[in-house]
Amino acid sequence: MPTFALVDCNAFYVSCERVFSPALADRPVVVLSNNDGCIVARSAEAKALGIGMGQPAYQCAELLKRHEVAVFSSNYALYGDMSARVMDTLARFAPAMEVYSIDEAFLDLTGLPEAVALARGMRDTVRRFTGIPVSVGLGPTKTLAKVANRLAKKDPALGGVLDLCGHADLERVLRGVDVEEVWGIGRRHGAWLRGLGVRSALDFSRLPRELVRRRMTVIGLQTLLELQGVSCLDLDAAPAPPRSVVASRSFGRPVTDAGEMREAVAFHAARAAERLRGKGCVAGNILVFVQTNRFVAGEPQYAVSDTAAFAVPTAATPEIIRLGQAVLGRIFRPGFRYKKTGVMLFGLEPAANCRGSLLENPRETARARALMCVVDGINARHGRDALTFAASGLARPWRMKQGRRSPRYTTVWDEIPVVRAD
DNA sequence: TCTGGGGTCCTAGGACCC
DNA sequence: TCTGGGGTCCTAGGACCC
């Protein structure tokens, strides 16, 4: 029987901020989403105040102020780098690991002796090497490892580790887990299950398979089997190449001007192109979307997207900007207060597969590729925006709000913390 | 009077994840 | 005034082909 470990960082973004601001250790802390919109991470103290996950920040502004909650804009340069350090540390502990998200990893501990002791070792080592606290759940399936992790976080008496492999009373454990807390059961299915009188993970695991299969597809059926201890989801150590790449942002204020919109589309096109090259891919297609603010009742709404195909799959920023702006030209309508735009690149393939085409001029293609290499090289050395494309604008009055970002302590020379000797 | 059936591909929409 | 961003997967249904 397999043994999976799920390692999950506790309140990850908050923990990253605390590593560099130890004075925040026992204070309530929250981190906001992009554009300072929603709460996306909360310390235990902030949770205790009743601040909800995903809650719009303006709704709890009063509460944040009254309790002197430390509030941060999100700082993905910092979180991404800290994540890499955590993952590097975890990788020492098992022959195979799947990095599942920025703050979670599955490890395959099958056949290793003393899995619980190993889990405690992971926890201590990650804390010592990176400053980040983690919890570890062990189980015979990924879904049960998820359950174990959640319980390990919730109950301090467990010391951050819970093992559900060969657990003496798994039924009692699953009876205590709300059905909508199970990995793979979201809002819609949760509501449907409640309607059937299914309240706990245990109730769900006892439903007829055919019913679950019909309503929740094979995904739901896998979840059910995994709760019964039948492993359906393998560790995915080498994730498939990406199928799409997206760059999008809400505006810091409504945009009405076509010129500003063109700038923003160019900006996101350039970001998406960078990511594409970072993954060693080229894109065959582009999608551009624009949308107004759906939360403003009574304001005229408009949300449209359109796509186009590149003559030859490409990762060259100028081409991607050009086609992106052409698509924008087809969908942009004046007279609306726009909230957001974005660019998606899809039809991806590895750049190495690109075998040329009658439609391209090989010399120009080579020049474009060389240019991108130079741009990426300079930006890698001197900061992401050392070289940008003029089409994405300079002032960018539409850029997102980010009023409370901490320094990029670990990735920008000028922002590295200074340790005083006195 | 009699008028098939099976396979593949694509897309839109829905659901989920962190 | 103020409500994130980036992904994946599955299914149904239509188009198309033989």
Side-chain angles (χ1 to χ4, degrees), chain A residues 6-13 30-41 51-62 64 71-76 79-80 83 98-106 142-143 146 149-150 180-193 212-223 232-233 236 239-254 268 271-272 275-276 278-279 285 287 289 291-297 299 305-307 309 337 339-348 399-404:
Chain A
L6 175 65
V7 184
D8 190 319
C9 301
N10 302 348
F12 180 55
Y13 299 167
V30 299
V31 176
L32 305 177
S33 65
N34 281 312
N35 218 26
D36 290 349
C38 298
I39 309 280
V40 294
I51 296 168
M53 180 63 179
Q55 196 178 3
Y58 75 91
Q59 279 180 8
C60 51
E62 203 40 51
L64 296 174
V71 178
F72 290 91
S73 301
S74 40
N75 182 350
Y76 287 103
Y79 311 150
S83 170
E98 174 185 346
V99 176
Y100 179 67
S101 73
I102 194 167
D103 72 335
E104 277 173 83
F106 286 101
K142 281 179 154 183
T143 304
K146 273 274 196 185
N149 185 285
R150 178 175 283 267
E180 45 277 283
E181 299 200 338
V182 174
W183 186 43
I185 298 179
R187 266 220 333 258
R188 299 301 292 262
H189 289 146
W192 173 68
L193 290 164
V212 170
R213 160 74 242 249
R214 214 167 42 237
R215 181 75 181 225
M216 299 175 64
T217 79
V218 297
I219 305 277
L221 181 56
Q222 283 174 346
T223 299
C232 304
L233 305 169
D236 190 5
R243 304 173 54 78
S244 63
V245 169
V246 176
S248 76
R249 282 285 181 280
S250 297
F251 298 123
R253 55 128 168 97
H268 297 314
R271 275 275 179 276
R275 265 178 228 161
L276 190 64
K279 294 170 190 293
N285 307 80
L287 175 148
F289 69 86
Q291 54 188 244
T292 50
N293 189 343
R294 64 185 194 281
F295 295 109
V296 182
E299 207 169 277
S305 67
D306 201 358
T307 63
R337 289 161 57 82
K339 171 69 178 169
K340 185 175 177 180
T341 184
V343 170
M344 177 176 12
L345 300 172
F346 60 103
L348 304 195
R399 71 186 182 281
M400 70 173 176
K401 284 183 255 174
Q402 197 179 38
R404 303 151 175 269

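Below, read A as the first sequence line, B as the second, and so on, with proteins coming before strands; counting in each chain starts at 1.
When the nucleotides C/dG7, B/dC17, C/dG5 are ranked by their closest atom to the side chain of A/Tyr100, B/dC17 comes out on top. The side chain of A/Ser101 lies closest to B/dC18 when the candidates are C/dG4, B/dC18, C/dC2. Closest to the side chain of A/Arg275, out of C/dC2, C/dG6, C/dG4, is C/dG6.
Applying the 4.0 Å criterion to OP1 and OP2 of C/dG6, one finds that A/Arg249 has a side-chain N or O inside that range.
In this structure A/Arg253 satisfies the salt bridge (Lys or Arg N to Asp or Glu O under 4.0 Å) test together with A/Glu260, sequence neighbours excluded. Here A/Asp236 pairs with nothing under the salt bridge (Lys or Arg N to Asp or Glu O under 4.0 Å) rule; sequence neighbours left out. Annotation: salt bridge (Lys or Arg N to Asp or Glu O under 4.0 Å) contacts of A/Asp36 (sequence neighbours excluded): none. In terms of the side-chain hydrogen bond (donor to acceptor under 3.5 Å, both in side chains) criterion, residue partners of A/Thr292 (sequence neighbours excluded) are, by chain and number, A/Gln301.
Residue A/Arg215 is classed as having no contact, given no heavy-atom separation below 4.0 Å to the nucleic acid. As judged by a 4.0 angstrom heavy-atom cut-off over every strand, A/Asp103 is placed among residues touching the sugar-phosphate backbone only. Within the 4.0 angstrom heavy-atom criterion, no nucleotide atom of any strand lies near A/Ala57. Residue A/Arg214 is classed as having no contact, given no heavy-atom separation below 4.0 Å to the nucleic acid. Across all strands shown, A/Arg253 has no heavy atoms under 4.0 Å from either base or sugar-phosphate atoms. Heavy atoms of A/Glu104 sit under 4.0 angstrom from primed sugar atoms or phosphate atoms, though from no base atom.
Side-chain atoms of A/Ser73 come within 3.5 Å of backbone atoms of A/Gly403 as a donor-acceptor pair (strictly under, hydrogens ignored). Checking side-chain atoms of A/Asp103 against main-chain N and O of A/Ser83 turns up no donor-acceptor pair under 3.5 Å. With hydrogens and angles disregarded, no donor-acceptor distance shorter than 3.5 Å links the side chain of A/Thr143 to the backbone of A/Thr223. In terms of modelled atom types and a separation under 3.5 Å, the side chain of A/Arg275 and the main chain of A/Val246 share a donor-acceptor contact. At least one donor-acceptor pair closer than 3.5 Å links the side chain of A/Ser74 to the backbone N or O of A/Leu32.
A straight line from CG of A/Leu287 to P of C/dG6 spans 13 Å, rounded to a whole angstrom. In this entry the distance linking CZ of A/Phe346 with C1' of C/dG6 reads 16 Å, nearest Å. Atom CZ in A/Phe251 sits roughly 14 Å away from atom P in C/dC2 (whole-Å rounding). As rounded to whole Å, 4 Å separates atom P of B/dC18 from atom NZ of A/Lys146. Regarding A/Leu64, its CG atom lies at a distance of 13 Å from the C1' atom of C/dC2, rounded to whole Å. The nearest whole Å value for the distance from the CD1 atom in A/Ile39 to the C1' atom in B/dC18 is 17 Å. If you take NZ of A/Lys279 and C1' of C/dT8, they are 13 Å apart, rounded to a whole angstrom. Between the C1' atom of C/dG4 and the CE atom of A/Met400 lies a distance of 10 Å, rounded to the nearest Å.
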A correct 5'-to-3' footprint of nucleotides 9-16 of chain B, with B, S and - meaning base, sugar-phosphate only and no protein heavy atom under 4.0 Å, is ------SS
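Remark on DNA chain C: of its neighbouring residues A/Ser244 and A/Asn34, the 5'-side contact belongs to A/Asn34, judged by nearest-heavy-atom nucleotide.
A/Lys340 is listed as a side-chain neighbour of A/Phe289, based on a closest heavy-atom distance under 4.5 Å.
In DNA chain B, runs of at least 3 consecutive Watson-Crick or G-U pairs, each pair with both distances below 3.5 Å, span B:5-18 with C:5-18.
B/dT3 and C/dC17 are spaced 25 Å apart, taking the P atom of each and rounding to whole Å.
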